[in-house]
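The figures here come from the full heavy-atom set of this structure, side chains too, leaving out hydrogens, waters and symmetry mates. Below, read A as the first sequence line, B as the second, and so on, with proteins coming before strands; counting in each chain starts at 1.
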Amino acid sequence: MGFMSRFAANKGALVGLVLLIALLAFAVLGPWLYPTSPWRMVARPFTAPFVTDRFLLGTDTLGRDVAAGLVHGTRISILIGFVSTLVALLIGVPLGALAGYFGGWIDDALMRITEFFQTIPSFALAIVLVAVLQPSIYSIVLAIGIVSWPPVARLVRGEVLSLRTREYVQAAITVGQSTLRIIFSQVLPNTVAPIIVMASLMVASAILLESSLSFLGLGDPNLMTWGYMVGAGRTRLMDAWWISFFPGVAIFLTVLALNLVGEGLNDALNPRLSRGRE
Amino acid sequence: MGMARFLASRLLKGVVVLFAIAVLNFFLIRAAPGDPAAVMAGEAGAADAQFLQQLREQFGLDRSIPYQLGVYLKGYATLDLGYSYRQQRSVAAVVGERLPATLLLTGAAFIISLALGSLLGILAAARAGRWSDSLITTAALVFYATPLFWIALMSQIVFALKLGWVPNVGYETIGAHYTGLARALDIASHLVLPALTLGLFFTALYARMMRASMLEIAGADFIKTARAKGLRPSVITRRHIARNAILPIVTLAGLQAGQLVGGAVLTETVFAWPGIGRLMFEALVQRDYAVLLGVFFVCSAMVVLFNIVTDLVYRVADPRIEAA
């Protein structure tokens with residue numbers, strides 16, 4: 001079976017893919033759909049949802065359009081999700097490759113550091129990092145990257161450890177290729193499949209992490225994010241449930257879509273490892 | 001390796017981790033923009049010049065970094081986590097006061113999620129492919145993707161505010177002055193919603209893990225042997241499959257301890273539960289870095305301790321390791 005048919009065999013993955021494409025469309029088309037700033041007060045505060053056509057999801061405590069906030073938030077969430085995963089990969093892949101390829105004391109030292117970062121409560125560390133560095137899109141991306149790389153390093157280390165002894169790697173060593181070249185051209189390309197699977201799930205957890213930080217008031221103060229919207233609506237929960245409700249649904253759908261796609265990728269890319277499904 | 005030696009080596013490792021976190025905290029304070037003395041005192045303006053000078057002298061802030069680090073670590077070694085100038089009390093006292101509530105909440109959430117999650121996982125695996133399996137698997141998938149703070153808010157509005165089944169916020173009824181059993185029940189009624197919402201995510205996680213683990217082990221050779229021997233299916237499921245399938249869950253539970261603490265920050269914030277998670281949120285709002293880093297250190301210490309406990313449990317639970 002080819003990649004596409006294995007992916008398509010997982011119904012959940014297809015649902016996730018459709019959802020994800022819709023969300024990406026919102027992210028890309030956002031500025032055309034809602035050209036005005038989501039911060040602008042456009043109507044009476046506390047307009048209930050599904051009452052007027054212009055403000056389908058209602059307005060918030062200051063009369064800002066909830067739907068506009070959602071659409072603009074899509075861009076931010078997806079952007080932060082992908083970029084912070086990239087940061088985690090940039091830290092985790094080299095460290096894991098070095099540890100796995102060289103072994104010995106290098107491996108020991110790097111794995112101790114990895115374990116250390118895995119032991120620290122990641123959300124608490126992210127809070128402290130963003131608070132100390134001051135909330136901004138950069139500190140958030142950095143913090144999420146810093147708390148998310150350890151599993152990547154462990155995965156890559158394990159893969160490299162087993163690839164290192166393969167004949168084609170031994171052959172590359174014999175013909176005198178440089179170590180860096182061997183790592184980049186012979187070893188790492190063979191670890192791409194499991195890394196892609198892990199990365200898709202990491203984007204999902206990065207989005208959850210970002211929304212949690214924003215909820216606590218640690219979001220970039222210039223950006224309208226889903227987590228911020230949930231947090232901002234929480235004091236008026238009784239009389240205006242929709243302000244907190246819809247952004248939460250958006251987070252849920254995005255994370256669900258990414259998790260489903262991740263599982264589909266896992267089935268498609270690692271057919272041997274796919275979970276015991278009859 | 002005997003149990004005592006094992007324990008000693010794990011404790012030593014834990015101390016090393018805590019030492020490294022103390023060093024990390026030291027550098028974090030200095031990474032914050034501005035004068036470290038002002039950072040320690042809280043947001044600028046909270047302290048006068050004379051007071052800042054006193055801080056500089058106390059922590060040797062005008063001396064070399066290694067000297068400052070020495071002073072800082074010496075404090076941590078004696079459980080002196082600094083002083084909160086916002087609250088006019090030592091950080092250790094502030095955190096210590098809030099710790100029991102968090103231990104109660106995370107403990108309850110942990111037990112709920114572990115028991116419920118593995119039970120649901122076993123049920124789903126035993127009925128693999130049937131509708132009850134689909135239901136459990138789908139529910140696990142949904143709750144695994146739902147933001148914790150949002151679930152907390154929504155259950156607060158539905159079960160506490162609209163239906164009025166349980167109290168809305170807090171740890172106990174203020175001004176009621178219950179004692180004994182009445183007080184325990186009062187606290188329990190406040191605990192239900194926060195513990196369930198915090199536990200929900202982990203219930204979903206453990207159910208997924210347990211199901212996968214059960215199905216994997218069900219295909220192992222020693223299970224085929226047990227079947228061939230003619231053991232009853234219920235005995236095989238309980239004594240052979242579940243016993244081994246729980247092992248990855250124990251490991252996972254240890255790894256998740258940090259997440260449980262992180263989740264407590266969100267849950268306690270929503271339900272105004274007076275633990276260290278809520279304290280962390282308050283410290284954020286007040287820019288009280290001393291308390292923030294103190295909570296961070298104590299959270300990490302909790303996780304380190306918990307990891308040691310799960311390692312011990314693993315040794316007892318794993319049929320392949322002889323308990324000494």
Margin query: Quick check for you: to the nearest 0.5 Å, what is the distance between A/Phe123 atom CZ and B/Leu260 atom CG?
Written below: 13.0 Å
Next item on the list: Decide yes or no for A/Val255 and B/Tyr144: does some side-chain heavy atom of the first lie under 4.5 Å from some side-chain heavy atom of the second?
Entry: no
Next item on the list: Specify the closest pair of heavy atoms between A/Pro121 and B/Phe296, including all atoms of both residues, with the distance to one decimal.
Entry: O-CE1, 4.4 Å
Note to self: Quick one, A/Trp241 with B/Leu161, criterion side chain to side chain contact (heavy atoms under 4.5 Å, CB included). Give me CA distance, side-chain angles, the key distance, then yes/no.
What the structure shows: CA-CA 12 Å; A/Trp241 54 271; B/Leu161 294 170; over 6 Å; no
Check: Using non-hydrogen atoms only, which part of B/Val16 is less than 4.5 Å away from chain A: side chain, backbone, both, or neither?
Finding: neither
Notebook entry, point to check: Is the number of heavy atoms from other residues, nucleotides or ligands under 6.0 Å of B/Phe222 CZ greater than 12?
Noted result: yes
Margin query: Please identify, among A/Ile251, A/Leu133, A/Leu129, the residue contributing the most non-hydrogen atom pairs under 4.5 Å to chain B.
Written below: A/Ile251
Margin query: Would you say that more than 12 heavy atoms from the other residues, nucleotides or ligands in this model lie under 6.0 Å from the CZ of A/Phe26, or not?
Written below: no
Margin query: Does B/Met154 form a side chain to side chain contact (heavy atoms under 4.5 Å, CB included) with A/Phe245? I'd like the steps, not just the answer.
Written below: CA-CA 8 Å; B/Met154 292 306 133; A/Phe245 179 78; 3.8 Å; yes
Next item on the list: Pick whichever of B/Ala283, B/Pro147, B/Gly262 has the most heavy-atom pairs under 4.5 Å with chain A.
Entry: B/Pro147
Note to self: Quick check on the interface: out of A/Arg112, A/Gln118, A/Arg234, who has the most heavy-atom pairs with chain B under 4.5 Å?
What the structure shows: A/Arg234
Check: Can you check whether A/Ser244's main-chain N or O pairs, donor with acceptor, with B/Trp150's side chain at less than 3.5 Å?
Finding: yes
Checklist line | side chain to side chain contact (heavy atoms under 4.5 Å, CB included) between B/Ile21 and A/Ile120, worked out | finding: CA-CA 8 Å; B/Ile21 291 171; A/Ile120 308 179; 4.2 Å; yes
Checklist line | B/Leu141 side chain reached by A/Leu260 side chain, heavy atoms, under 4.5 Å | finding: yes
Next item on the list: Using a cut-off of under 4.5 Å on heavy-atom pairs, state which of A/Ala124, A/Gly248, A/Gly233 scores highest against chain B.
Entry: A/Gly248
Margin query: Nearest 0.5 Å, please: how far is CZ in B/Arg208 from CD in A/Glu263?
Written below: 4.5 Å
Note to self: When you measure from the side chain of B/Tyr289 to the backbone of A/Val128, do you find a donor-acceptor pair of N or O atoms at a distance under 3.5 Å?
What the structure shows: no
Notebook entry, point to check: In Å, rounded to the nearest 0.5 Å, how long is the span from OG1 of B/Thr146 to CG of A/Leu256?
Noted result: 8.0 Å
Note to self: To check you understand the geometry: which heavy-atom pair defines the closest contact between A/Phe215 and B/Leu153, and what is its length?
What the structure shows: CE1-CD1, 4.0 Å
Next item on the list: Check whether B/Val142 gets within reach of chain A through its side chain, its backbone, both or neither, counting any heavy atom under 4.5 Å.
Entry: both
Item checked: CA sep, side-chain torsions, deciding dist, call: A/Leu125, B/Leu24, side chain to side chain contact (heavy atoms under 4.5 Å, CB included) -> CA-CA 10 Å; A/Leu125 177 60; B/Leu24 182 68; 4.1 Å; yes
Item checked: Contact origin within B/Leu293 toward chain A - heavy atom pairs under 4.5 Å -> side chain
Next item on the list: Output the option from A/Leu216, A/Leu208, A/Thr119 having the highest count of non-hydrogen pairs under 4.5 Å with chain B.
Entry: A/Leu216
